[in-house]
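Scroll down for the structure; my scribbles are underneath it.
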Amino acid sequence: MIHDFDALYRQVRAAVAEGADACWKVATALHADPECAFDERRAAALLTGELRRAGFEVQEGVAGMPTAFVARSGTERPAVALLLEYDALPGLGHACGHHLIAAAGLGAALAARTALDDGAGSVLAVGTPAEEGGGGKALEVEAGVFDGIDAALMFHPGVHDWTRAPLTAQEQYRVAFHGRAAHPTGNPTEGVDALAALVELFNVLAALGRRLPPASHIQGIVTHGGEATNIVPALAEGRFGLRAATTGALDDLAGHLATSAEGVALATGTTVTVELAGVRYEHFRDSGPLSERFAAHLDRAGIRLGPPADGVYLGSSDIGNVSARVPAIHPFVAIMDEDGSDHTAEFAEAGVSEWARRVLRAATEALACTAVDVLRDRALREQARRPYG
């Protein structure tokens, strides 16, 4: 067994260097052929093909998702998972940078595997579809994919160099008011206006928004407002997105939505249903000990990570669901200046720049070395398992 961490790091870095061109080729291939949530068939085939050729045992279709997979090398604990995202955005392609996440996870898994030569532990590459709204990781968590895993590692390209991701909890609800149809002039007193109730809910939520805690908000849209202007709407539906700094605060916010909807229904003579629409994303709980290791390894490439800016939240991700079960990291590494933003055409273009290529190499190396730390450092694993976030 190799006890010298420096020797292990050199071994892993050499493997990253050897595979760097191939990883960039994978990243650019994904970027040139974007596929959206739950339809990432060519992406999954490309990534699983690379892993099979490297000797990983690949299980496809995990958690009931055709484009999800788990590739494993080794059979024992400790076990570290490298997470691969590869879904794109409708109309914008890989303006999310997921092609780089997939390539880095792939390269890191292949390199970290070299530290298993004496049979110590397991390295997994977990393919996680549909981060952009479908919640592939959340479904994998519920299916037990992360049971028996000691840490889950990934990075995200962005416009900041931050050790951790300030990611909120989020979920969406479908709210439907039911009234009674009538002619607005022929028999107006017979009508019960469901749309008027939905509009009133928007008014109530606007007033509520003024006293919500930081990071909590409700954003809604009307998805059905009636059939014709000469019919009092008997049905009106809205979809409401809720976000909060923590999963507990999100539960509170959902309670406010339900109470407000029920109050409006009582006041307007309608009935209402409030139903969860889609998968809930929990807030991200950063594993400080693991993030510190990743940042230290990345510093070797000249990229210095710092804490996120106070009061800044960068949306939500299903990595939050993973982080509630196992120690996880999700650092941001910039591939363009801070005046830019992801989910833009400019960010998609930056995703195949020389800057992005340098970041991919550096992040792959840092992820692989952090994976070695998880596999070989019992004290680190114990620190990472302590309650956090």
Side-chain angles (χ1 to χ4, degrees), residues 5-32 43 46-47 50-51 53-54 56 71 80-86 94-115 123 125-127 152-163 165 290-306 329-337 340 342 347-375:
F5 273 87
D6 287 336
L8 279 170
Y9 296 150
R10 287 194 297 270
Q11 178 178 311
V12 166
R13 288 167 183 151
V16 171
E18 183 178 351
D21 289 343
C23 277
W24 181 244
K25 185 177 180 181
V26 167
T28 55
L30 294 172
H31 187 277
L46 172 62
L47 295 164
E50 294 289 334
L51 289 158
R53 279 189 288 276
F56 279 70
V80 62
L82 284 305
L83 307 189
L84 286 65
E85 296 178 0
Y86 35 88
H94 279 287
C96 47
H98 291 184
H99 64 298
L100 297 174
I101 297 173
L106 171 67
L110 296 178
R113 179 176 181 253
T114 66
V123 174
V126 181
L153 312 178
M154 64 174 292
F155 99 104
H156 202 297
V159 299
H160 305 288
D161 289 321
W162 288 351
T163 53
L290 297 181
S291 287
E292 290 170 8
R293 291 294 181 98
F294 176 87
H297 290 305
L298 194 66
D299 189 63
R300 184 176 179 274
I303 302 175
R304 180 69 54 86
L305 301 184
I329 66 170
H330 187 288
F332 282 103
V333 185
I335 62 169
M336 68 183 301
D337 294 329
D342 60 354
F347 194 84
E349 184 177 351
V352 287
S353 66
E354 282 303 311
W355 187 347
R357 185 170 187 167
R358 291 193 300 272
V359 164
L360 175 60
R361 166 77 177 270
T364 301
E365 184 177 287
L367 286 170
C369 289
T370 306
V372 168
D373 292 331
V374 172
L375 292 170

> Phe155 and Val359: side-chain contact (heavy atoms from CB on, under 4.5 Å), yes or no, with the steps?
Replying inline: CA-CA 10 Å; Phe155 99 104; Val359 164; 3.9 Å; yes
Close side-chain approach of [X] and [Y], heavy atoms under 4.5 Å:
X	Y	answer
Leu110	Phe56	yes
Asp337	Trp355	yes
Ile101	Leu83	no
Arg13	His297	yes

> Do the side-chain N and O atoms of Asp342 and His156 include a donor-acceptor pair separated by under 3.5 angstrom?
Replying inline: no
>> What verdict does the side-chain contact (heavy atoms from CB on, under 4.5 Å) test give for Asp373 and Phe5, after you've listed the backbone C-alpha separation in whole Å, the side-chain angles of each residue and the deciding distance to 0.1 Å?
In response: CA-CA 8 Å; Asp373 292 331; Phe5 273 87; 3.8 Å; yes
>> Apply side-chain contact (heavy atoms from CB on, under 4.5 Å) to residues His94 and Cys96 and explain how you reach the verdict.
In response: CA-CA 5 Å; His94 279 287; Cys96 47; 4.1 Å; yes
>> Closer than 3.5 angstrom, by distance alone: can the side chain of Glu365 be matched with the main-chain N or O of Val16 as a donor-acceptor pair?
In response: no
>> Under a 3.5 Å distance rule, please check whether His31 uses its side chain to pair with a backbone N or O of Ala348 as donor and acceptor.
In response: yes
>> Taking Arg357 first and then Asp21, would you say they form a salt bridge - that is, a charged N and a carboxylate O separated by under 4.0 Å?
In response: yes
Over all atoms of both residues, closest heavy-atom pair of [X] and [Y]:
X	Y	answer
Ala371	Ala112	CB-CB, 3.9 Å
Val126	Ala81	CG2-CB, 4.0 Å
Ile329	Leu290	CG2-CB, 3.4 Å

> So, for His98 and Tyr86, is the gap between ring centers shorter than 6.0 Å?
Replying inline: no
